[in-house]
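These notes are about the structure you will find just below.
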Amino acid sequence: MSHLHPMTTAMSRTSLRFAPLAASVALAVFLTGCGIATPKPLTHDEIAKRVQNDTAAMYKGQEPLNGALTLSDVMARSLKYNLDYRLKLMETALSKGLLDVSKLDMLPKLTADAGYRWRDNDSGGTSIGIQDRIVSLRPSTSEERAHLLGDATLSWDVLDFGLSYFRAKQAAEDVNVTDERRRKVLQNIVQDTRDAYWRALGAQRLLGEANSVADNIQAALQKTREAERAGILPPVEGLEYQRALLDAMSLVTQKRTEMQLAKRELAALMNLAPGTDFTLADTSEAALAPLPSNQDQLNQLEQMALEQRPELREEDYKTRIDALEAKKQITALFPNLNLFGGIGYDSNKYLYNENWTQGGLSMSMNLVRLAGIPAIKRTNKARMEVDDARRMALSMAIVTQVRVSVERYKLAVYDHDLAQESASVDQRLASISRAGSDNQLTSDLETLRTQARSLVSRFQEASSYAAAQSAYGRVLNSVGIDLMPEKVEGSDVASLSRAIQASLVDGEKHVFTSVVDVPQVDRPFVLSVTGLPAKVDATAVRSAVGNVFTGNRLVLGNGDDSLAVELRYSAAPGKAAMRAVWDVTVQDKTGKALMKQSYQSFLPDDVSTRSVSALAEAAVLSVLDKLREFSAAPATAAANTP
């Protein structure tokens, strides 16, 4: 043992010499780690910079708005620039990237190592006898204090390959899952866009008239207050008129606000910057399609929903993923075979061979895992049963959604028909009220109240049509129709809009076969007014009647398929008032009479342009349904003549 004492003493002195340096390094690392872990809240400048960058990125690269936007234009901008849909596209791209990464895990592993090794003394040792513990060799070394080394090894683990194979298959199915989620977001955006578009268009059509009525109500309120203060109206009667006018103003404001909010929703769907103004194309309202009513057609819709809904397809892919998970767990029970081979290098001059080639084979198996086979089988069976139960529950919910959406659409169509009839009645009532007005305060207030009620009814009509369009789209959504083409020629908004329009028609044919196949047209009308008294302004009467046409989305103009509408006025004195008659005649280009109907009422003896115009408006409103039929179906106009 005395032979080891000098060596041990030298090593102790060396260790003591480097101890302060090691302690200093350890203290520096400790203090650095403590500094890194200190909480550091965001500064106001950092937050403001982030907000500025995000705001610029949210609206970056968007095409400018050009002209009025149609429904397909709005859908195109929503699908191209909506941030939620962009996120789903990014998630789909990410899942495809993860699939590419998982494929690389199946390849053999090629590991390359290189390094430099140094120490301040020699590595070596001695040998002692096992029995007598006597040193038999003097201290020696076979390694240089500084030398280079490196190796490259190619290895292939069979078990890792099997597990990586199933993980790659699961990643491929996950791509399908993310794509179905993208489809669902797309369908929801199309549905929300359809709903907001028609409400915003209805508000746009009536906004000018609503502002005019609101101004008239404000003026009437001021006039009523002045009449009350002057003693022209009794206090109770004056307050009652003010109450009626305020109620009318409240209804108009409520409807106007309700539908104007839809424009902001539409701007958010298109990802427009706040404050951006845009105009919707004032296209005619298409006829609402009747839904399939017999049981076979409803069963066909349910079958389409069960085949096309993205939620069910997602469950199908999840079932595949769970089946692959079961196979992966079974594969993990097999023995592991590892093959490896490679080359090595070491610059140590004491080595006999500085370069070498090596290889090997090893096999291992976790025997304890075999005891878990029954539990793995039970778990996999339970997982598949849960998948089946969840899919069947979702299928039942989807079938119910189809039935409910069909019923809701039927009710929405009925509500729209009722609102349309109510609006026509209120417009006629307002016209008759204007015709009978004697320019006195009480008469003017009553006329204004009927005008406000007529406007509210027209808002309700527009709202009911938007609700019917929303229910219409909900049926398509419940069936799972994408309404988005697989491929689009060009990435600009105009190309995407054209592709969406074609896809809308094609997709709707699968559900609304009875109406979609009929082309939608706007047959124009040529208006003429005859027989007016000399003191009546014919231009003002024609303008008032024309406003009724345009306000109800009927087109005025001359064309190859235009219809001639003639309003002929006649009057005869009665016992208490003038008896006035409007004869409304509709003819086609050949001069064939399609409709002739008379509308009569009573006017004051002192006939005025205002009273005749109002009565003419009421006459047109009385045949409005027929005019709409003639405008929308030119091929069957004559057949529908009573």
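Heavy atoms only: backbone and side chains are in, while hydrogens, waters and symmetry mates are out.
For the pair K263 and F278, the distance from NZ or CZ to the six-membered ring centre is under 6.0 Å and the angle to the ring normal is within 45 degrees.
In this structure, I189 and S78 approach most closely via the heavy-atom pair CG2-CB, 3.8 Å. Contact between A593 and Q587 at its shortest, heavy atoms only, is CA-CG, 4.0 Å. The shortest heavy-atom contact between A419 and Q460 is CB-O, 4.1 Å. The two residues T609 and A540 have their closest heavy-atom pair at CG2-CB, 3.7 Å. Counting all heavy atoms, side chain and backbone alike, A452 lies closest to V252 at O-CG2, 4.1 Å. Considering all non-hydrogen atoms of both residues, A214 and M249 come closest at O-CE, 3.4 Å.
Salt bridge present: D195 and R199 bring a charged side-chain N and a carboxylate O closer than 4.0 Å. Comment: E46 does not engage K49 in a salt bridge, judged by the lack of any side-chain N to carboxylate O separation of less than 4.0 angstrom. Between E461 and R458 no salt bridge is recorded (no basic side-chain N to carboxylate O distance below 4.0 Å). The residues K318 and E314 are annotated as salt-bridged, a charged nitrogen and a carboxylate oxygen being separated by less than 4.0 angstrom. Using a 4.0 Å cut-off between charged side-chain N and carboxylate O, D282 and R205 make a salt bridge. A salt bridge links R182 to D179: at least one charged side-chain nitrogen sits closer than 4.0 Å to a carboxylate oxygen.
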> After noting the C-alpha distance and the side-chain angles of R403 and E302, does the key distance pass the salt bridge (Lys or Arg N to Asp or Glu O under 4.0 Å) rule?
Replying inline: CA-CA 8 Å; R403 295 284 180 146; E302 293 173 358; 2.3 Å; yes
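The environment of E421 atom CD is sparse: at most 12 non-hydrogen atoms of other residues, nucleotides or ligands sit within 6.0 angstrom. In this structure, K596 places its NZ atom where only 12 or fewer heavy-atom neighbours from other residues, nucleotides or ligands lie under 6.0 Å away. Shown here is R391, whose CZ atom has more than 12 heavy atoms of other residues, nucleotides or ligands within 6.0 Å.
With values rounded to the nearest 0.5 angstrom, M75 atom CE is found 10.0 Å from D192 atom CG. For the atom pair CD of E265 and OH of Y197, the computed distance is 15.5 Å after rounding to the nearest 0.5 Å. Interatomic distance, CG of N477 versus CZ of R474, reported as 7.5 Å (0.5 Å rounding). Note that CG of D73 is 3.5 Å distant from OG of S497, once rounded to the nearest 0.5 Å.
Side chains of T530 and E566: a donor on one and an acceptor on the other come within 3.5 Å. Under the 3.5 Å distance criterion, with hydrogens and angles disregarded, a donor-acceptor pair is assigned to the side chains of S470 and Q191. In the model, Q303 has a side-chain atom that pairs as donor or acceptor with a side-chain atom of E307 under 3.5 Å.
Side-chain atoms of S212 never come within 3.5 Å of backbone atoms of G208 as a donor-acceptor pair (strictly under, hydrogens ignored). Between the side chain of S463 and the main chain of F459, no donor-acceptor pair closer than 3.5 Å is present. Under the 3.5 Å distance criterion, the side-chain polar atoms of T257 are matched with a main-chain donor or acceptor of T253. Listed for the R309 side chain is a donor-acceptor partner under 3.5 Å among the backbone atoms of S478.
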